[in-house]
Protein chains: 2
Amino acid sequence: MPVTIKDIAKVAGVSHTTVSRALNGNPAISFETTERIQQLARQMGYVPSAVAQSLLSRRTQTIGMVITTIADPFIVHVVEGAEQVAQEAGYSIFLNTSHNNPDQEMAVVETFQRRRVDAIIVTSSRVGSLYSSQLDQIKVPIVLINNQEEGEFLYSVAVDNFQGAQLATEHLLTLGHRRIGYVGAADRPKSNGQRLEGYATALSQAGLTLDPALVISPPAGTDLERGRASLETLRAEHATAAFCYNDLTAIGLLLECHQQGISVPQELSIIGFDDIEPALYTTPTLTTIHQPRFKLGQLAMTMTLKLLDGQAVQDQRLPCKLIVRESTSQRMTNGESQIANLKSKI
Amino acid sequence: MPVTIKDIAKVAGVSHTTVSRALNGNPAISFETTERIQQLARQMGYVPSAVAQSLLSRRTQTIGMVITTIADPFIVHVVEGAEQVAQEAGYSIFLNTSHNNPDQEMAVVETFQRRRVDAIIVTSSRVGSLYSSQLDQIKVPIVLINNQEEGEFLYSVAVDNFQGAQLATEHLLTLGHRRIGYVGAADRPKSNGQRLEGYATALSQAGLTLDPALVISPPAGTDLERGRASLETLRAEHATAAFCYNDLTAIGLLLECHQQGISVPQELSIIGFDDIEPALYTTPTLTTIHQPRFKLGQLAMTMTLKLLDGQAVQDQRLPCKLIVRESTSQRMTNGESQIANLKSKI
DNA sequence: TTGTACGCGTTATCAA
DNA sequence: TTGATAACGCGTACAA
């Protein structure tokens, strides 16, 4: 059993109140006894019980964080950003995964209630509608990161999907591409819609009309699989470039190109979204849209702590950045691309 | 403020003791009142306070988990495995990162003590020696995963580095390679040593003597950088194959080969260790040694819960598996490899 | 300057 | 079958 202030009190021959005050540096206690008790506490290996403190203060200094899966190279950095801010402020994080399972997500929220977390942060939730029913009962602030549901939530931090998609599409347009495919993700309706809009807007600003045949929504599967599946349509529609919903989709497409002997970027330019590490490991390296993942987490946690401090906060929308690497290049005619292709292989 | 049993008691017109019993299904309470109170509790949105329960039971149903960084594609799956087991058992995890910073790791352990976690799980710690001093004071069980320090610890789960390295080296030997380099990681002395031993043993069992010039320990840097840096020595020593400490190192080496126009596996076979996702995204895909990451986490948590249940446990050492992909191939003579190289490019 | 008494939300013991 | 009371570890209002 851990040492308590009563144990110290007994040894020091004072009341536990005095010990409490001495340890908290209460000026009412004489310098002598304060000194003596603090030393005693150290000797006895005293560590205050956050449990008891929480019961009294009605604050656990604890944040519940729910993510879809920790095995996501994107989310992981969001968590790290949040963790850093929390740790510095003396808060601890309960991390729980929902695996996009509504039941599990509800269970997680209930666990958080039992544990009396001071606030909840949710990333990329696709079951936001469920919250609204629970929301009334949950009294703690809920901050959403890259929320995937339509509807107004109290607090949210998100990336500017529209602007990011515009950047990506403009990049391809600048390179001379005219038949640009969009490989979407139907299971993330909100961000997918926003990115599609950015894509469409960039096209129309360039005086092009959107060809619905170039908007591809492969059936369910992993991001990687959907990327692979999209190649057939892209080829059939004579696309010379593709903007993918995210990097994993882009990598899937890239791998399929390798398999079918289609050279990237000579025959097809590919751009992703997210800027996860593996984008640097592919051949060619992946041009992509960088999301400030770490900052997203930091901001969400900062916002949360402000809320707990009674401060007013505003929703945040962070801009993306274009990262040009090797998977995109000037559009070529058929002949040009074949020659370039051969040259690149020598 | 959340609803308490006293609130319910007041509404129900009974004592809070009765409410507590009714909610816990105590058979001493009449079926009628039990029913009535449970319904009332549901209506009022009552959720028991884990904080208060913990204070009394001296159990928080909480596990502290410390990892070096969450941005590690290997560790992430370990955490997921642990999380799954914990969640099923009603335990929650406090996840904290140490960034290989001894001070921070000490701070994390102190936080865990304050929070009265029931046990602590530590992965890939390189500051194990620090624990021994704190260890005496910490009364909770500590389970180590892939511990990087020499010395006997109470409980540990680890992968069989020696066997994995043997597998890797034997694979290269079977392919006809004789000059096989080992690209190590000096900053993980224990696992690096074990993998080096496995490598050496496989060589000697094949009747070869280890050439120290082929054991490469690039100076500090990221895994990726060290992989890149190793190419020069590998070429100078006429290595036809390389066994890398981990996948990131192997990927670094692979990227450097691309940059210098050295084709893999025609001119150099490369094998990694870990089997992280990005190993599937490279060109060629990476042959590697699979570590049961998820299982490692599951096992560690299972062991922890057993300990908390007073059961005896035994240290675990899990075997690795060889995953053959495209980055390794039959050893070729210089001429052969150049021809194969050209062929592959057509 | 220090001590007494109480309460945070819950469960366990004892009494009714 | 139910209720009063104490206890878990801590902080604080009030009293001395």
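What you see is a predicted model; the values in this text were computed from it and never measured. Lettering follows sequence order; numbering is per chain, from 1.
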Starting at [atom1] of [X] and ending at [atom2] of [N], how long is that distance when rounded to a whole Å?
X: R59(B); N: dA7(D); atom1: CZ; atom2: P; result: 23 Å
X: Q61(A); N: dC8(C); atom1: CD; atom2: C1'; result: 16 Å
X: R115(A); N: dG9(C); atom1: CZ; atom2: P; result: 18 Å
X: M1(B); N: dT10(C); atom1: CE; atom2: C1'; result: 18 Å

Just by distance, no angles: are the side chains of [X] and [Y] close enough, under 3.5 Å, to form a donor-acceptor pair?
X: E83(A); Y: T97(B); value: yes
X: T33(B); Y: S30(B); value: yes
X: T62(B); Y: R115(B); value: no
X: S92(B); Y: Q61(B); value: no
X: H77(A); Y: E277(A); value: yes

Is [X] close enough to [N] that one of its side-chain N or O atoms is under 4.0 Å from OP1 or OP2 there?
X: S15(A); N: dG3(C); answer: yes
X: Q53(A); N: dG9(D); answer: no
X: T33(B); N: dT2(D); answer: yes
X: R58(A); N: dG9(C); answer: yes

Handout entry: Nucleotide nearest L56(A) (side chain, heavy atoms from C-beta), chosen from dG9(C), dG9(D), dG3(C)
Key =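 For L56(A), the side-chain atoms sit closest to dG9(D).
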Handout entry: Distance in Å, E105(B) CD paired with N100(B) CG, rounded so as to fall on 0.5 Å steps
Key =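 Here the interatomic distance stands at 7.5 Å.
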Problem - Residues touching DNA chain C, which here means a heavy atom under 4.0 Å, drawn from residues 17-30 of chain A - result: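 Residues of residues 17-30 of chain A that come under 4.0 Å of DNA chain C are, in numerical order, T17(A), T18(A), R21(A), A28(A), I29(A), S30(A).
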Problem - Distance-minimising heavy-atom pair for A300(A) and I145(A) - result: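 Smallest heavy-atom distance, with atoms named: CB-CD1, 3.4 Å.
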Looking at every strand, decide which applies to [X] at a 4.0 Å heavy-atom threshold: base, sugar-phosphate, or nothing.
X: Y46(B); result: sugar-phosphate
X: P2(B); result: nothing
X: V51(A); result: nothing

Practice task
Count the heavy atoms belonging to other residues, nucleotides or ligands that lie under 6.0 Å from CD of Q311(B), then report whether that count exceeds 12.
Solution key: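 Yes, because the 6.0 Å sphere around CD of Q311(B) holds more than 12 heavy atoms from other groups.
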Exercise for the section: Inspect the surroundings of CD in E32(A) and state if more than 12 heavy atoms from other residues, nucleotides or ligands are less than 6.0 Å away. Expected result: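 No.
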Handout entry: Proximity to DNA chain D (any heavy atom under 4.0 Å), residues of residues 3-11 of chain B only
Key =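 By residue number: none to list.
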Practice task
Measure distances between side-chain N and O atoms of H16(A) and base N and O atoms of dT2(C), and say whether any donor-acceptor pair falls under 3.5 Å.
Solution key: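 No, no donor-acceptor pair under 3.5 Å.
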Problem - Comparing G13(B) and L55(A) on DNA chain D - which has the more 5′ nearest nucleotide - result: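 The residue mapped nearer the 5' terminus is G13(B).
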